[in-house]
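Note sheet for the following structure.
If you're wondering where the values come from, they're calculated on a predicted model, not measured in any experiment. Indexing begins at 1, ligand by ligand and atom by atom, following the structure's order. We count residues from 1, following the sequence as given. Because only heavy atoms are used, hydrogens play no part in the values below, and waters and symmetry mates are left out as well, while side chains stay in.
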Amino acid sequence: MKKHNFYAGPSILPKYTIEKTAEAVINFAGTGLSVMEVSHRSKEFVAVVDEATDLFKELLKIPDNYSVIFVGGGASTQFAMVPFNLFNKKAAYLNTGAWSKKAIKEAQMFGEVDVVASSDDKNFNYIPKGYSIPEDADYFHITTNNTIYGTEIKYDIDCPIPLVADMSSDIFSRPIDISKYAIIYGGAQKNLAPAGVTFVIVRNDILGKVEHHLPTMMNYKTHIDKESMFNTPPVVPIFAALQTLRWLKDQGGVEAMNKVNVHKAGLLYNEIDRNSMFKATVEDLDDRSLMNICFVMTEGNEDKENAFFEFATSKGMVGIKGHRSVGGFRASTYNALPVESVEVLVAAMQEFEKENK
Ligand SMILES: *Cc1c(COP(=O)(O)O)cnc(C)c1O
């Protein structure tokens with residue numbers, strides 16, 4: 001039976017990415033060697049990093065005064081790397097969920113953190129608004145897509161101080177005005193590549209201003225100066241990321257991707273709102289994520305949660321169980337998820353309603 005992969009991360013990748021990577025695991029760029037066993041400094045692999053960096057810049061229209069680097073350690077290492085590179089006196093953070101909280105905790109090790117607003121009071125089911133950003137902070141940090149709770153800041157906010165964004169789970173899902181950000185980072189395993197590589201987009205002029213000790217590997221400049229080759233980068237995930245970037249370009253880039261994402265999310269949210277058995281955990285339409293769509297059983301139908309899970313599983317759905325801190329269901333609708341998979345889920349919800357009402 002055909003599987004429909006709704007996992008939140010690691011998550012669905014384009015078939016193109018998987019096939020091209022599988023080929024290169026056997027024979028990379030005509031070398032007769034596996035991509036797993038060639039030097040990261042071989043000309044064939046340097047070409048991979050160069051093309052991936054260039055495509056990153058092209059697809060996101062990244063201005064010339066920014067650098068793009070690929071490093072290890074996951075987005076979680078960036079929670080510390082950002083303050084290492086930017087924190088002098090004080091930082092400001094928006095608390096929109098579990099990942100924001102972890103980022104805040106790391107920043108607090110460097111000194112005062114001003115949490116300007118939080119949606120903790122309602123289990124993070126909305127994006128706080130109307131907060132003010134302190135102008136004396138070194139930077140303001142946001143998590144644009146809250147993978148666990150299904151909320152998303154789908155626009156580029158105006159910020160009077162350097163803006164830092166964790167875009168692990170919505171990078172390449174929409175066009176971004178990069179010039180509004182000082183740093184954008186993310187783990188690749190949601191919308192780009194297998195786990196193991198982390199991307200960072202840095203505006204060059206914000207670096208070199210901290211007074212504290214900066215360990216070599218934590219310093220963005222180390223990786224920028226050596227074009228992601230200071231130490232051995234995650235070779236295979238970078239190779240796979242390049243394939244996804246080529247695929248993205250072929251699909252028409254982020255504008256085209258965004259249209260499909262809006263369509264897919266619309267199909268599913270419409271069904272959740274219409275169907276008497278289900279309700280969305282995020283009510284405000286503006287705050288609803290296009291990438292992670294969370295829903296629970298309506299009142300009186302809570303006891304049917306397991307039955308729907310079994311039903312959906314029997315129809316090929318994989319990975320739709322909600323995160324334990326939200327419960328219910330979460331369908332992740334990343335770039336690589338075909339519209340068809342959403343249609344199959346919607347059909348299953350309709351059938352389940354008919355049979356169980
Ligand atoms: C998954 C995720 C992370 C954690 O990424 P790792 O690469 O596992 O460290 C951080 N932020 C967001 C928004 C995520 O979705």
| request: Non-hydrogen atoms closer than 4.0 Å to ligand 1: which protein residues do they belong to? List them by chain and number, please. | output: Gly74, Ala75, Ser76, Phe79, Trp99, Thr143, Asn145, Thr147, Asp166, Ser168, Ser169, Gln189, Lys190
| message | I'd like to know if the side chain of Lys264 and the backbone of Leu337 have a donor-acceptor N/O pair within less than 3.5 Å. | response | yes
| Tell me, which pairs form a side-chain hydrogen bond (donor to acceptor under 3.5 Å, both in side chains) where one or both residues lie in residues 8-19, sequence neighbours left out? | Lys15-Glu19, Thr17-Thr244
| task | Report yes or no: do Thr298 and Asn301 form a side-chain donor-acceptor pair below 3.5 Å? | result | yes
| Is the shortest side-chain N to carboxylate O distance from Glu51 to Arg246 below 4.0 Å? | yes
| message | Taking Leu290's backbone N and O only, do any of them form a donor-acceptor pair with Thr333's side chain (distance below 3.5 Å, no angle check)? | response | yes
| For the residue pair Phe70 and Phe56, is the inter-centroid distance of their aromatic rings smaller than 6.0 Å? | yes
